[in-house]
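Beneath this line is the structure, given in structure tokens, with notes to follow.
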Amino acid sequence: MGLHITFKNIESTDAIKNYIEKKVAKFEKYITYPMEVHAILSVSRGEHCVELTCHAEYQDMVATAKSDDLY
């Protein structure tokens with residue numbers, strides 16, 4: 001599994017990277033194909049946004065969440 005993390009208007013920290021890696025690792029239980037995951041983390045006007053894009057075999061899955069807290 002390949003994981004790419006992009007930060008926009010937010011500082012990159014090891015704690016955030018480890019948290020994302022831990023959560024994304026759970027995908028391996030459900031998806032047996034090789035996959036690429038791209039996480040985009042951004043902050044706009046105090047609102048945190050996370051967008052995950054998962055490319056597995058012939059399927060693309062996208063999830064977006066917005067909150068006041070990044071975690």
Side-chain angles (χ1 to χ4, degrees):
M1 175 178 70
L3 176 62
H4 306 283
I5 304 172
T6 304
F7 293 90
K8 294 183 179 179
N9 300 328
I10 187 172
E11 186 177 324
S12 170
T13 65
D14 289 335
I16 294 173
K17 289 179 184 178
N18 292 335
Y19 185 79
I20 292 172
E21 289 172 359
K22 180 179 156 185
K23 292 297 183 178
V24 170
K26 294 180 181 182
F27 289 163
E28 292 177 342
K29 180 172 28 175
Y30 301 105
I31 301 172
T32 57
Y33 303 107
M35 64 179 153
E36 290 289 322
V37 178
H38 189 200
I40 302 171
L41 290 82
S42 62
V43 176
S44 177
R45 298 184 197 137
E47 185 174 60
H48 294 83
C49 180
V50 177
E51 180 179 331
L52 285 178
T53 304
C54 179
H55 305 284
E57 198 176 27
Y58 299 110
Q59 297 181 357
D60 291 338
M61 296 166 269
V62 178
T64 304
K66 293 183 180 181
S67 177
D68 294 332
D69 183 23
L70 185 62
Y71 294 95

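Side-chain atoms are counted along with the backbone in the values below, which use heavy atoms only and exclude waters and symmetry mates.
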(message) So, using side-chain hydrogen bond (donor to acceptor under 3.5 Å, both in side chains) as the criterion, who are the partners of E36 when residues are at least two apart?
(response) H4

(message) Distance check, rounded to the nearest 0.5 Å: E21 atom CD versus D14 atom CG?
(response) 9.0 Å

(message) Can you confirm whether more than 12 heavy atoms, excluding those of N18, are under 6.0 Å from its CG atom?
(response) yes

(message) Could you measure the distance from the OH atom of Y19 to the CG atom of L41? Nearest 0.5 Å is fine.
(response) 11.0 Å

(message) Tell me whether the count of non-hydrogen atoms from other residues, nucleotides or ligands lying under 6.0 Å of CD in E57 goes above 12.
(response) yes

(message) Would you compute the distance between atom CE of M61 and atom NE2 of H55 and round it to the nearest 0.5 angstrom?
(response) 9.5 Å

(request) Could you tell me the separation between the CD1 atom of I10 and the CD1 atom of I40, rounded to the nearest 0.5 Å? (result) 13.0 Å

(message) Tell me whether the count of non-hydrogen atoms from other residues, nucleotides or ligands lying under 6.0 Å of CD in E47 goes above 12.
(response) yes

(request) Mark yes or no for whether H48, through its side chain, and D68, through its backbone, hold a donor-acceptor pair below 3.5 Å. (result) yes

(message) Check this for me: D60, atom CG, are more than 12 non-hydrogen atoms of other residues, nucleotides or ligands nearer than 6.0 Å?
(response) yes

(message) Any non-hydrogen side-chain atom of V50 less than 4.5 Å from a side-chain atom of I20?
(response) no

(request) Calculate, to the nearest 0.5 Å, the distance between atoms CD1 and CD1 belonging to I16 and I5 respectively. (result) 9.0 Å

